[in-house]
2 protein chains.
Amino acid sequence: MEHDKDDALKLENQLCFPLYAAARKIVGAYTPYLKPLGLTYTQYILFLVLWERDGLLVSEICERLMLDSGTVTPLLKKLEAKGYLRRERSESDERCVRVVLTDEGRAMKERAGDIPAKMCSCMALSPEQAKQLYELLYMILKG
Amino acid sequence: MEHDKDDALKLENQLCFPLYAAARKIVGAYTPYLKPLGLTYTQYILFLVLWERDGLLVSEICERLMLDSGTVTPLLKKLEAKGYLRRERSESDERCVRVVLTDEGRAMKERAGDIPAKMCSCMALSPEQAKQLYELLYMILKG
DNA sequence: ACAAATTAAATTGTTTACAATTTAATTTTA
DNA sequence: TAAAATTAAATTGTAAACAATTTAATTTGT
């Protein structure tokens with residue numbers, strides 16, 4: 001194999017790998033804060049979406065979280081079983097399901113209010129670096 | 001809830017989310033190149049490690065990939081079953097397992113040689129931006 | 001109007017991840 | 001040196017992710 005191809009296959013020359021590993025690390029860093037609330041990371045970001053705007057369709061949740069219904073539907077069912085939300089079939093279009101928070105679901109927001117600040121403080125980046133990273137990541141997501 | 005806490009809980013103000021979503025997007029972007037080789041992304045990066053240095057211990061693979069044995073052991077068993085590697089218990093310390101590529105495992109490297117270049121070209125970042133991102137991600141991984 | 005195409009969720013099946021535990025081997029230490 | 005502690009892998013159980021398919025409802029095109 002040519003030298004350049006050989007180099008290109010080294011783990012340290014991949015961009016995908018630190019992205020993949022850093023994502024797992026950050027998601028894992030949420031666990032100590034989420035576990036006391038009985039939430040997983042995916043459930044947490046689902047709550048973020050619903051706290052921001054209640055009554056979204058499943059498809060709108062999927063779009064915002066960039067996840068498909070095969071991932072989101074079981075999550076919603078679990079949170080519904082725990083009493084945090086209700087899934088209501090739309091009357092105008094029976095294909096659609098609207099997701100509505102219960103009082104318990106809204107109350108969870110208060111309990112989670114400190115998490116972003118705690119996570120920020122455990123991240124080894126300055127605010128400028130965080131902003132830079134944020135913008136580069138959204139370039140990937142949009143491009 | 002105070003305004004600042006409310007804002008901090010918005011999805012668009014999270015750094016974790018674009019990290020998590022971009023990682024999934026990039027991993028997914030490998031699929032069309034890996035599927036013809038019968039590999040998943042995780043299997044691919046495991047190969048990257050072994051192509052770089054053959055005969056590593058399971059623990060060394062786990063360290064390099066930042067994954068635990070619960071993830072890596074089943075991966076290794078699958079690749080062993082496909083004939084790409086052998087798992088050999090160390091004679092000097094029977095707790096350790098050494099992972100050795102077969103001819104088929106080494107041959108896979110030739111078939112994967114073009115993947116890094118193809119992935120690079122489908123990424124919406126300039127080389128400078130990629131370098132910046134790379135460095136920020138490793139700050140997270142090391143910090 | 002009505003068959004064909006499209007759409008929204010849900011379902012099925014496979015592959016990660018990871019926490020927690022277990023097993024077996026080795027090292028430490030009392 | 002024998003018990004205790006540590007270590008390396010493997011195992012078990014749970015929760016994502018996602019491709020591919022299915023089901024049911026709606027929309028389109030003729």
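A, B, ... follow the sequence lines: proteins, then strands. Residue 1 opens every chain. All heavy atoms count here, side chains included; hydrogens, waters and symmetry mates do not.
Sequence neighbours left out, the pairs with a member in residues 79-89 of chain B that pass salt bridge (charged side-chain N to carboxylate O under 4.0 Å, His left out) are B/Glu80-B/Arg87, B/Arg86-B/Glu88.
A/Lys35 has no side-chain polar atom (N or O) that falls below the 4.0 Å cut-off from OP1 or OP2 of D/dT14.
Among the heavy atoms of the strands lying under 4.0 Å from A/Asp93 are primed sugar atoms or P, OP1, OP2 only; no base atom is included. Note on B/Arg87: only backbone sugar-phosphate atoms sit closer than 4.0 angstrom, heavy atoms only; bases stay farther off. Base contact: A/Thr71 has a heavy atom under 4.0 Å from a base atom. Counting non-hydrogen atoms under 4.0 angstrom, A/Thr40 reaches the backbone sugars and phosphates but no base. The residue A/Ser92 sits close only to the backbone: its heavy atoms come under 4.0 Å of sugar-phosphate atoms, none of a base.
Relative to the side chain of A/Lys77, the nucleotides D/dA25, D/dA19, C/dA10 differ in distance, and C/dA10 lies closest.
A/Tyr134 and A/Tyr138 have tilted rings, their planes meeting at an angle from 30° to 60° on a 0 to 90° scale. Note: B/Tyr30 and B/Tyr44 have tilted aromatic rings, judged against thresholds of 30 and 60 degrees for the angle between ring planes.
For the residue pair B/Ser90/B/Ser92, the side-chain donor-acceptor check at 3.5 Å is satisfied.
One cannot find a donor-acceptor pair under 3.5 Å joining the base of D/dA16 and the side-chain atoms of A/Thr42. No donor-acceptor contact under 3.5 Å links the side chain of A/Ser59 to the base of C/dA8.
Checked against the 6.0 Å centroid threshold, A/Tyr41 and B/Tyr20 count as a close aromatic pair.
For the pair A/Arg89 and B/Tyr41, both in contact range of DNA chain C, the more 5′-proximal nearest nucleotide belongs to A/Arg89. If you find the closest nucleotide of DNA chain C to B/Glu94 and to A/Val58, the one lying nearer the 5' end belongs to A/Val58. Mapping B/Arg98 and A/Ser69 onto DNA chain D by nearest heavy atom places B/Arg98 at the nucleotide closer to the 5' end.
With values rounded to the nearest 0.5 angstrom, A/Met108 atom CE is found 3.5 Å from A/Tyr84 atom OH.
For A/Gln43 and D/dT14, the CD to P distance is 15 Å, given to the nearest whole Å. Counting to the nearest Å, the P atom of C/dA17 and the CE atom of B/Met66 are 14 Å from each other.
Terminal axes of the helix from C/dA1-D/dT30 to C/dA30-D/dT1 (five pairs each, C1' rotation axis) are separated by 10°, to the nearest 10°.
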Are B/Glu135 and B/Lys131 close enough, and set up right, to give a salt bridge (Lys or Arg N to Asp or Glu O under 4.0 Å), and what steps lead you there? CA-CA 6 Å; B/Glu135 282 165 7; B/Lys131 181 170 184 290; 3.0 Å; yes
